[in-house]
Every structure is written in structure tokens, then in C-alpha cells.
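Working notes, structure below.
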Amino acid sequence: MKRTHTCGELKTSDIGHEVLLNGWVAKRRDLGGIIFIDIRDRYGITQLKISPEKKSVHDVALSLGNEFVISAKGKVVKRESINKNMPTGEIEVDVDSIEVLNTSEITPFVVEEDIKAADDLRLRYRYLDLRRNSLTSNLVLRSKVYQIVHKYFEKHDFVEVETPILMKSTPEGARDYLVPSRVHNGKFYALPQSPQIYKQILMVSGLDRYVQICKCFRDEDLRADRQPEFTQIDLEMSFVTQDDVFEMLEGMFFEIWKEIKGIDLKLPFRRMTYDEAMENYGTDKPDLRISGDMKIVDLSGEAAGTEFKVFLDTLNAGGTVSALKLEGKEVTRKVIDNLTEFVKKLGIGGLGYIKFTSEGVQSPLAKFMSEETMNAIKEKSRAVAGDTLFIISGERKKALTALGQLRLRLAEEFSLTDEGRFEFLWVTDFPLFQYDEEESRFVAEHHVFTMPKEEYLKFLDSRVREEVESIRANCYDLVLNGNEVTSGSIRIHKSDIQKKVFDIIGLTDEEAKQKFGFILEAFRYGAPPHGGAAVGFDRIVAILCGLRSITDTIAFPKTLKASSLMDDCPSEVAPSQLEELGVQLIKKQG
RNA sequence: GGAGUCGUAGUUCAGUUUGGUUAGAACGCCUGACUGUCACUCAGGAGGUCGCGGGUUCGAGUCCCGUCGAUUCCGCCA
């Protein structure tokens, strides 16, 4: 019963050898006399041949159904007709005996590469879905990346430290997953949103270089690239500047891409400040693969010369009139209608456009402007015949963000994205704070331990909104093909600066002491300057696998409602368990 | 929390616009035939709570209301 080979490795050089294969019945083709069976394991598929002359094994073969687990013994022979579409297509195994190791009920869907089943069904029977090579290979790739990362950081003297999964709930940031304590009734642990505080304390301990591939948990609504529990490569270094962190991570990405893709990434990665990114791409995570780059063109100056009331009102209110140029594509009425609807959903009043053709311009805005103004716009945007300009006006950040979304939409609509490329980009100098209108207070844009840039320290005592929001931080993201794949910062290591930051976000001394007292205390005993980052492990695996969603890089993912369909989790618990925890359920109103 | 899409045989879908005979197709499954297939082929067969609940109607897969689930986006995600 013990196999001599896997189902993916037999070749012509094995012809004549006696072999034994284990695997699942993927397909049976019964031609009346001769029977062919495709046997599958995670390494591949091999064709078994069962001749009618071998009566006993032929009888067994007749009884086999899909997904039966079998052990087949026989001799490797050359095929009469070669199948060039499969790696083992030149040979087959002339079977002498088959042992049925287990039967299978009829599966809810057919296990095949070109899967037809809907997502929820696949998730419910995840173990069947995972029998498919396209899914297994994701997990194998993920495992390889894991090993490369461990090896890389080991080489650079990092210490891998496990930090607690049960930790203190802290304010700010995402909603915590809470775990009630039995021993301390009425008290709760939180699952880590990230091991942020622990890794900083490890720096205080002098660990110097810490890394961990760890699970993180955030109780927020999900997206295709967001799971409630996800994995990050978490690292922290002492006595470093931003450049040191960049260099270390660039080296890691270099090795991953080298080993997985056989690609030599060009180092160092490009850099851009947050302000540049917002201004040119309308997002803090620009996708640089789009042909022509399609930067945002500020037409505020030109728009001031028109008689279009919407533009003039916007400019008077301090807003912007900006545009994107689509090069050399035919834009139909229908496309414009769809795009207009798209930007309206983003809260933008409408979408202006100017089509430049060899016969002249075509635009509903033309009647509001002189020929000179139109020429100025053409000049500024460097448009030529065949180009179309899409114009959005509004409050600056809102308009730019909408243009950023429109840029992606246009790239999709006109297939402008070069899918084969990997464009890495460091985005730096993020704002430290943002004013939260709902809560009427400042909130940390990254996290509360982020170090402001030196030249902005003077504004830490200010409460003027413009000044506080102007503060830039030693904070950075790594963007890959428009996805945020890494985020980090140089941290505050001085209590006085930390206190000022707490002050700005409205955390009183008492609250700060209660929530973060231990870390503030730790910082009093010689905290070294330090910084680090966290890499979204699932996302980089997804990108390496060519997937849009991280779901299929995770063995047992959760749905958008954060439930696991296979084991039906979360689920209710026994009243006795709740009682022990001192937890009482209240029915939600309505 | 909000918006969109989807939910019909084991599976993937058509049928819903315009309510009306016995709800169809393909794949899978079962039976039979077939000795070189690899999407085997051929003949036959079984298989349905039209997600669930309520309403309108002589009559609802189809119209209305609610609800559940999946999914995409917005809010949210330091």
C-alpha cells in the first residue's frame, strides 16, 4: 500500500518499472473493455489502464466512483496515444491490482480544475475545493514564501518572538475581537490587531531586531482583500531611520520575487510623498502599471477663465477643477453615461468631458469658454486629436479622490493596466492626524506611536485644524500594483512627544495611563529610537498567485459576513459556558 | 450602517420583462452498449419546498413587502 511514486512524477524513463500509486479517482473512462482511470494527488494526475483480461482488477475498476481513495499497483508503460496536455501524458500504468482504501459519497460538486460551483458551496466543502491543483498550488506557494521570509530575517540577525494572542484591549484603531475572561469575570482580553505594542516593548528590552509572521484580528467589515483574521510579517528594528527599514524590506521582496518568480526586482523601489501621490493620482496607493501613467491635471487656472458656473462656484469655495486624460480611445455616449453615474455615486455632481478630434473639440463645456481657454486646456493637458479629457470639480480632496477612482475605472474599462508588471512604490510623509468630523476630534492617521517629522514638532502644541493636519509623519506604506502591501513608521520613543500626541487625539492623562500606562512606563527606562513595519502577507501571496482576492491564499477563509461556512462558525454556546464567563446575552431591539 | 447583483434539479444556468397546460438545458448520478480514451461516445432513466415567511390574485418561479445567505462597492479598516 505504500506508494513508490506520486501521481505527478512518472516519465518515459520510468517505463518498465513496477510502481504503486496512491490517490483519488479523478475520472473514470469505461470504454466497455478497457478502462482508464485518472488518479490524482497533490503532485499531479496519472492515467491508469485496466485491461479486461485482468478480470479481478477490472471488476474493482468497474466499482470505482469519483473521489474514491485507491492504491494501484502495476507497470509503467508507454501510451499508445500521447496526451501533450499533461506532464505525465507520455506514460500510463498498466494496473495489476487496485486496493480501495476508502469510498466516497457523490460529491456536491465535481472536483475539477475548471470549477463551476458557487463560492459558498466551495467554502462549505473547502476540503474538496482544496483538492484542486489551482488551490493547492496557492498554499504551496504561500508556504514557500513563508520559508524565504524566515530564512531572510534569520540571515539578518532578527529574532523571531511570539507575542500574546490574548492581550489588552486598547482604544483607537479597528474594533477589537474580545475574549471574556473566566477567572476575571467582567474583564476581557482582546485579540491583537497587530503586535504593535509588544514589538515596541521588545525594542526597549534590547532585542534590537524582531520579526514574526503572525495572525492579526480586526472586527471590521470585510472586502475581497480583507479577512477578519489575516497574516502579517511584523518587524521592528532599533537605532534605525526610515531608509534602513526600506532597505531591509526591499531585500526581502527581492528574494521573494527572485525565488518565486525568477525576477530580479530593480532596487531601490521608487518613492513618492503622500502629497505627491494624492495630487497626481488621487490616492495614497497609486497603481503605476497604467499605460500613459494618467496623472491628474490641475485645470483650476484655466477653469477660472470659463463662464461655467459650477466651476466658478467650486473655485470660489476653494475647490479644484482637475482632469484625467484618456489617450487615443474611442469614447461612446454610453461609456460617458456610465462614468458619470460612477462619479455621482462617489458624491461628485457630474462629469465634464472634452473630446479632441481631428475636426475640432466636442464638449458640452465648449459653449462656456472662449477658444483661447479651450486651447489653454489642451495645452496644459497636452492633449492631441483622439484624446478625451474627463473633468471633475469639487472640494479638493474629494475631487482628487474621485479622480483617483475614475483613473482605475478607466484603466479597467479600456484595459490600460499591464498585468504582467510589478510596480513597487514607497509612499512617505503621511499626515499624522486627521480631523474626524463625526467625533469632533483629531484621530491618528496611522497609529498613535508614529513619530512626527522633526520640522513639524512645533505644531504638536497647536490646536488649529490646518496646522495639526499639516503635520507630516515618519510614516510610510509600500504600494504594489495599487495595493497597500506594507505599512510602517518610525516610532515615538520619548514620553514627552508621546504625551503631546495623546493630548491632540483627546486622550486625557488618566485615560492614557489606564490604556497605555505600561508602554509609557517602559519608555521611561531607556527606550531606543526604533521603527518598523508590517507586511500584508496574504496580499503579497495573492499578487504572486495572480489573484485579486486573498480568499484563495487562505486554507480556511471566512465570508464577507465573517463566518466560516465549513464549520458553521461563529456559533451559539451553551448557557453554562456563558454563566461561567459571567456573560449575559441581550436581545437586539427590532 | 447604506447601495447594487445573485438565490430555480446534486452542480452551472435558462425561464421572471408581459402572472396562465405537465418548470427546461448542460454537466453530474443510475441502467445498458462499446477494447485506446483523456470534456470518451451512444441509448435510456431517476432527480424540483423555484432560499425562507407573508401579501396581492381565480391563479405566483414570475408582482409587492419582509427576512436569510453569498458577492461587489461606499462608510469602516490606527
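A note on names: the letters A, B, ... follow the listed sequences, proteins ahead of strands, and every chain is numbered from 1.
Pairing of B:A9, defined by two Watson-Crick or G-U wobble distances under 3.5 Å, is not identified with any nucleotide. Nucleotide B:U57 is matched to nothing when pairs are restricted to Watson-Crick or G-U wobble geometry with both distances under 3.5 angstrom. Under the Watson-Crick or G-U wobble criterion, with both distances below 3.5 Å, B:U67 is paired with B:G51. Pair assignment for B:G75 gives none, since no Watson-Crick or G-U wobble pairing has each distance under 3.5 Å. With a 3.5 Å ceiling on both atom-pair distances, B:U35 lacks any Watson-Crick or G-U wobble partner. B:C30 and B:G44 make up a base pair, with Watson-Crick or G-U wobble contacts both under 3.5 Å.
Defined by atom type and a distance below 3.5 Å, a donor-acceptor pair is present between the side-chain atoms of A:Glu467 and A:Ser462. A side-chain donor-acceptor contact under 3.5 Å links A:Asp477 and A:Ser487.
Within the nucleic acid shown, A:Arg548 comes within 4.0 Å of sugar-phosphate atoms alone, with no base atom in reach, counting heavy atoms only. If you check every strand for non-hydrogen atoms under 4.0 Å, A:Arg175 touches nothing. Nucleic acid contact for A:Ser563: sugar-phosphate only, since backbone atoms but no base atoms lie under 4.0 Å from a heavy atom of the residue.
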What verdict does the salt bridge (Lys or Arg N to Asp or Glu O under 4.0 Å) test give for A:Glu511 and A:Lys515, after you've listed the backbone C-alpha separation in whole Å, the side-chain angles of each residue and the deciding distance to 0.1 Å?
CA-CA 6 Å; A:Glu511 285 170 322; A:Lys515 302 291 186 187; over 6 Å; no
Salt bridge (Lys or Arg N to Asp or Glu O under 4.0 Å), that's the test. Do A:Asp221 and A:Arg226 meet it? Break it down for me.
CA-CA 8 Å; A:Asp221 288 344; A:Arg226 267 195 252 153; over 6 Å; no
Between A:Arg122 and A:Asp119, is a salt bridge (Lys or Arg N to Asp or Glu O under 4.0 Å) present by the stated rule, with each step listed?
CA-CA 5 Å; A:Arg122 291 174 51 200; A:Asp119 290 344; 3.7 Å; yes
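If A:Gln196 and A:Asn85 are placed on RNA chain B by their nearest nucleotide, the residue sitting closer to the 5' end is A:Asn85. Toward the 5' end of RNA chain B, the nearer of the two residues A:Asp225 and A:His447, judged by each one's closest nucleotide, is A:Asp225.
Checking the phosphate oxygens (OP1, OP2) of B:C40, a side-chain nitrogen or oxygen of A:Lys27 falls inside 4.0 Å. Taking side-chain N and O atoms only, A:Thr559 has a distance below 4.0 Å to OP1 or OP2 of B:A70. For A:Ser549 and B:U72, the shortest distance from a side-chain N or O to OP1 or OP2 is not below 4.0 Å. The shortest distance between the side-chain N/O atoms of A:Arg29 and the OP1/OP2 oxygens of B:C40 is below 4.0 Å. Note on A:Arg223: every side-chain N or O is 4.0 Å or more away from OP1 and OP2 of B:C76.
Atoms CG and CG, on A:Asp225 and A:Asp538 in that order, are 10.0 Å from each other to the nearest 0.5 Å.
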What pairs of nitrogen or oxygen atoms, one from the protein and one from nucleotides 6-12 of chain B, lie under 3.5 Å apart?
unit_1	atom_1	unit_2	atom_2	d
B:G10	O2'	A:Pro108	O	2.9
B:U11	O4'	A:Pro108	O	3.4
B:U12	OP1	A:Ala118	N	2.7

Pull out every protein N or O sitting under 3.5 Å from an N or O of nucleotides 29-35 of chain B, one pair per line with the distance.
unit_1	atom_1	unit_2	atom_2	d
B:C34	O2	A:Leu31	O	3.4
B:C34	N3	A:Asp30	O	3.4
B:C34	N3	A:Gly32	N	3.3
B:U35	O4'	A:Ile34	N	3.4
B:U35	N3	A:Glu53	OE2	3.4
B:U35	O4	A:Glu53	OE2	2.7

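When rounded to the nearest whole Å, the span between CG of A:Asp221 and P of B:A3 equals 14 Å. Summarising the geometry, the separation between CZ on A:Arg226 and C1' on B:U71 is reported as 15 Å, rounded to the nearest angstrom. One can place CG of A:Leu48 at 18 Å from P of B:G36, the figure rounded to the nearest angstrom. The distance from atom CZ of A:Phe36 to atom P of B:U41 is 14 Å, rounded to the nearest whole Å. Distance A:Tyr177 OH to B:C77 P: 15 Å, rounded to the nearest Å. In this structure, A:Asp176 places its CG atom 13 Å from P of B:C77, rounding to the nearest Å. A straight line from CG of A:Asp94 to P of B:U37 spans 17 Å, rounded to a whole angstrom. With rounding to whole Å, A:Glu112 atom CD is found 8 Å from B:C27 atom C1'.
Counting atom types as modelled, A:Glu341 pairs no side-chain N or O with a base atom of B:G4 as donor and acceptor under 3.5 Å. Contact annotation: side chain of A:Gln47 to base of B:U37, donor-acceptor pair present below 3.5 Å. Residue side chain A:Lys561 does not reach the base of B:G69 through any donor-acceptor N/O pair under 3.5 Å, judged by distance alone. No N or O donor and acceptor, one from the side chain of A:Arg124 and one from the base of B:G69, sit under 3.5 Å apart.
In terms of modelled atom types and a separation under 3.5 Å, the side chain of A:Thr428 and the main chain of A:Tyr476 share no donor-acceptor contact. A donor-acceptor pair is defined here as one N or O able to donate and one able to accept, closer than 3.5 Å; such a pair exists between the side chain of A:Arg28 and the backbone of A:Leu62. Remark: side-chain polar atoms of A:Glu236 are not paired, donor with acceptor, to backbone N or O of A:His530 under 3.5 angstrom.
For B:U71 and B:U35, the P atoms lie 48 Å apart once the distance is rounded to whole Å. Separation of the C1' atoms belonging to B:G47 and B:A26 is 15 Å when rounded to the nearest angstrom. Using atom P as the reference point in both B:U67 and B:C58, the two lie 28 Å apart (nearest Å). Taking the C1' atoms as reference points, B:U11 lies 27 Å from B:G53, given to the whole Å. Rounded to whole Å, the P atom of B:C29 lies 10 Å from the corresponding atom of B:C40. For the P atoms, the distance from B:A3 to B:A9 is 28 Å, rounded to whole Å. Annotation: B:G15 and B:G7 have their C1' atoms spaced 15 Å apart (nearest Å). Comparing B:A46 with B:A23, their P atoms sit 14 Å apart, to the nearest whole Å.
Considering A:Gln212, A:Gln196, A:Lys199 in turn, A:Lys199 is the only one that fulfils the side-chain hydrogen bond (donor to acceptor under 3.5 Å, both in side chains) rule with A:Asp234.
The aromatic rings of A:Phe502 and A:Phe516 lie parallel to each other, with less than 30° between the two planes, well short of the 60° mark. Under the 30°/60° scheme for interplanar angles, the aromatic rings of A:Phe246 and A:Trp426 are found to lie parallel.
Residues A:Gln232 and A:Val535 have side chains not in contact (no heavy-atom distance under 4.5 Å, counting atoms from C-beta outward).
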